[in-house]
Amino acid sequence: VRTNDTVTCWGDNDYGQATPMDGTFTQVSAGSFHTCGVQTDGTVACWGANGDGQAMRPAGTFTQVSAGQNHTCGVQSDGFVVCWGSDEYGQSTPP
């Protein structure tokens, strides 16, 4: 995240994971084939591979997001953890 809140990515871009969406962000996280970020309005934006729903746009506002290989988790503004994408090994089911 640059000082003007825009995002710059680099590296492998076979799935568009290194081509960020327009907008301003407070935080980003890169998974294997997708990237997600918390926009300055608190919404989450994701780009790249979405074969397991890992790059879908969840409802609500968030303070933090973390992208894994085929899943993503985020901390909502109310403190609850929400995960989406693959749950093959239970990684999208918070304790």
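Computed from heavy atoms alone, side chains included, the values below leave out hydrogens, waters and symmetry copies.
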Nearest-0.5 Å distance that lies between atom [atom1] in [X] and atom [atom2] in [Y]:
X: D5; Y: T40; atom1: CG; atom2: OG1; value: 6.5 Å
X: W47; Y: D22; atom1: CH2; atom2: CG; value: 10.0 Å
X: M21; Y: C9; atom1: CE; atom2: SG; value: 12.0 Å
X: F62; Y: C36; atom1: CZ; atom2: SG; value: 10.0 Å

*Decide if atom CZ of R57 counts as having more than 12 heavy atoms of other residues, nucleotides or ligands within a radius under 6.0 Å.*
yes
*Please check if atom CG in D78 has more than 12 non-hydrogen atoms from other residues, nucleotides or ligands closer than 6.0 Å.*
yes
Is the side chain of [X] donor-acceptor paired with the backbone N or O of [Y] at a distance under 3.5 Å, no angle test?
X: N50; Y: A55; result: yes
X: Q17; Y: D12; result: yes
X: S77; Y: T61; result: yes
X: S29; Y: A67; result: yes
X: T72; Y: Q54; result: yes

For [X] against [Y], the heavy-atom pair lying closest together:
X: F25; Y: Q39; value: CE2-CG, 3.4 Å
X: Q69; Y: S32; value: CG-OG, 3.5 Å
X: P20; Y: A18; value: CD-O, 3.3 Å

*Single-linkage hydrophobic cluster M56~V38, side-chain heavy atoms < 4.5 angstrom*: yes
*asked:* Please determine whether residues V1 and V44 belong to a single hydrophobic cluster, defined as Ile, Leu, Val, Met, Phe, Trp and Tyr linked transitively by side-chain heavy-atom distances below 4.5 Å.
replied: no
*Candidate pair V65 and Q27, rule side-chain contact (heavy atoms from CB on, under 4.5 Å), full reasoning*: CA-CA 8 Å; V65 68; Q27 187 252 330; 3.4 Å; yes
